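Fair warning: this is a prediction, and the values are worked out from it, not measured in the lab.
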Amino acid sequence: MSAAAKQPSPATAGSTVIKNARHRPRPLKLSYHLAVSNLPYLLLAPLVAALALRLSRHSPADLAAAARSFVTSSPPLAVPTLLALAAAVLAAAYLARRPRAVYLLDFACYRPSPSHTVTREAFMRQSAAAGVFTGDNLAFQRRILERSGLGQETYFPAAVLNSPPNPCMAEARAEAEAVMFGAIDQVLAKTGVKARDIGIVVVNCSLFNPTPSLSAMVVNHYKLRGNVASYNLGGMGCSAGLISIDLAKQLLQVHRNTYALVVSMENITLNWYWGNNRSMLMSNCLFRMGGAAVLLTNRTSSRRRAKYQLLHTVRTHHGADDRAYRCVFQEEDSTGRVGVALSKDLMAVAGEALKTNITTLGPLVLPMSEQILFLASLVGRKVFGIRSLRPYIPDFKMAFEHFCIHAGGRAVLDTIEKNLELSAWHMEPSRMTLYRWGNTSSSSLWYELAYTEAQGRVRKGNRAWQIAFGSGFKCNSAVWKALRTIDPRKEKVGNPWVEEIHRFPVEVPKVESVVDKAAAAAEEEASS
């Protein structure tokens, strides 16, 4: 049976993935939300009505006489003049010190060529052919793969797919160049920005940090100007993409009228684990090839053609806690092979980091109606000691239209969906990204936003929340506001979903069997 034949069919009405189903609050909650949101107007309405009634009892002549009396009895002209001057000075000081607006002109996600495609069966064949995994650990990888939520069209670099595999520095550089330059070429083509106009470059890749750096590789390839501010972030995990966005935002407060290029990727070639430590084998099953390039600017004149405005970035770091620090840890196994070990505490640590992050983000984005309910719940439990009162979980669906949650794995997405009480529609971009592209590390958030655009869901004024988790342990958030409605028909360059979006969403079973006779035979031989 071909790979295409094994594809799940598009979701129907009874599927767990719901297409075009938006969040609709219950009537009572919606009425409460509207009442609180419009409270100032509701309070002012009686005052305005009373004032209008009082004024209606006077003739125009009486009102004119009252105005003349006020003018003649008012203080000297110097006082209001000084007050106006002071107000102007304060306004000028505020405008000079307020943060510069940061706009996202456009972004592009890298799509590898079909020769890099790896099905679940091909993955098992490569693992079995390597001859380094025990039969039990081959069976373990099969079980992980069957429950991973990954589909049949994810991508690996050539060095891993070759027989035999040939991971080396040259192949790793080739993978990095293909991903970075492929995404950058597309974002420059989409925006029309010339490479020499870029003043800031930020590249993040956790596990591949050659010399010269990846950012230097970009500067050299595109012949960027000599005073470009370039930064290379390494070892910061899957949340490094939003750290790069935050760094670029800070730099754009200092560098005037310029462009910032942010490149997020991970390198698979030199980081495939060739041992039998199960906590390290998880990465082999989940991580795949991919990357994205994002072009930001602080030019006011570029606002009219920008897609989004960056409203907030919130970064949370739990590295002071030993358990959090070690839950994603690169080290050698008992045989000296290097891998990234994922702790059993990972989900609990991620939940704690998310809680801290949304505690900071909530007051910035939640409507007053949700903040009042949260405060009332907190006061009831902490002040009045009502332990039977359940903690109120703010409804972030009242603050955001779109959610881009790092597609780290099915367990991560299930946990976030439950904790934030999100619908299948809200989770769809993340689940489809995991299915179609796998865990592409820090760039997965951009594949998810690209999916939302390709489905034609982004409207002017919509807000999108990007959430990412990474080693350290970190949870980072970014909030974007759409400045225009995105037409998917105009997104053919740089959006890897557009040509195949008609196939999505698909229903992803909880378990998808991996049947490959050659791999199964190799497992039996390794076990014997």
Side-chain angles (χ1 to χ4, degrees), residues 106-113 116 118 154-160 167 169-188 198 200-222 230-248 260-272 283 286-296 328 330 340 404 406-408 433-434 436-450 466 468-471 476 478 494-496:
D106 218 320
F107 66 96
C109 299
Y110 177 67
R111 178 175 181 147
S113 66
H116 292 278
V118 55
T154 57
Y155 300 97
F156 268 158
V160 177
M169 179 61 73
E171 288 290 339
R173 284 185 181 275
E175 179 192 351
E177 290 175 355
V179 174
M180 291 195 304
F181 302 159
I184 294 172
D185 287 347
Q186 290 182 325
V187 79
L188 293 180
I198 296 173
I200 300 167
V201 175
V202 183
V203 179
N204 67 268
C205 180
S206 286
L207 297 175
F208 180 59
N209 294 285
T211 301
S213 66
L214 296 176
S215 59
M217 197 182 294
V218 172
V219 173
N220 175 261
H221 182 79
Y222 291 95
S230 65
Y231 298 83
N232 199 92
L233 306 183
M236 303 196 80
C238 299
S239 68
L242 294 186
I243 296 174
S244 296
I245 293 293
D246 182 65
L247 174 58
L261 176 66
V262 175
V263 183
S264 297
M265 62 163 290
E266 193 50 84
N267 192 283
I268 305 295
T269 298
L270 287 180
N271 296 291
W272 185 263
S283 298
L286 297 176
F287 282 89
R288 295 294 186 268
M289 185 180 182
V294 184
L295 197 60
L296 306 174
V328 181
Q330 186 180 28
V340 177
C404 299
H406 168 54
T433 294
L434 180 64
R436 178 61 181 85
W437 309 98
N439 181 350
T440 59
S441 190
S442 56
S443 65
S444 67
L445 299 173
W446 301 106
Y447 285 90
E448 293 161 15
L449 189 57
Q466 292 181 319
F469 303 91
S471 59
N476 301 319
N495 190 319

Ignoring hydrogens, what is the shortest heavy-atom contact between [X] and [Y]? Give both atom names and the distance.
X	Y	result
Ser444	His406	OG-ND1, 2.8 Å
Pro210	Arg173	CB-NH2, 3.8 Å
Gly235	Asn209	N-ND2, 4.4 Å
Cys238	Phe469	CB-O, 3.2 Å
Cys205	Asn267	SG-N, 3.8 Å
Thr433	Ala407	CG2-CB, 4.4 Å

Check side chain to side chain donor-acceptor pair (under 3.5 Å) between Ser471 and all other residues, then give those that pass, not counting sequence neighbours. none
Qualifying residues under side chain to side chain donor-acceptor pair (under 3.5 Å), relative to Asp106, sequence neighbours excluded: Lys190, Lys307
Any donor-acceptor N/O pair, [X] side chain to [Y] backbone, under 3.5 Å:
X	Y	value
Asn439	Gly408	yes
Asn232	Leu214	yes
Tyr447	Gly291	yes
Glu175	Leu270	no
Asn476	Ile243	no

Beyond-backbone contact of [X] with [Y], side-chain heavy atoms, under 4.5 angstrom:
X	Y	value
Ser213	Val203	no
Met289	Val118	no
Glu266	Thr440	no
Leu188	Tyr222	yes
Leu261	Val187	yes
Phe107	Gln186	no
Cys109	Trp437	no

Nearest-0.5 Å distance, [atom1] of residue [X] to [atom2] of residue [Y]:
X	Y	atom1	atom2	value
Asn204	Ser441	CG	OG	7.5 Å
Ser264	Leu233	OG	CG	9.0 Å
Thr211	Met217	OG1	CE	10.0 Å
Leu295	Ile198	CG	CD1	6.0 Å
Asp246	Ser239	CG	OG	11.0 Å
Arg436	Tyr155	CZ	OH	3.5 Å

Audit row: Thr269, Glu171, side chain to side chain donor-acceptor pair (under 3.5 Å) steps and yes/no: CA-CA 7 Å; Thr269 298; Glu171 288 290 339; 5.8 Å; no
Please test Asp185 against Tyr110 for side chain to side chain donor-acceptor pair (under 3.5 Å), starting from the C-alpha separation and ending with a verdict. CA-CA 10 Å; Asp185 287 347; Tyr110 177 67; over 6 Å; no
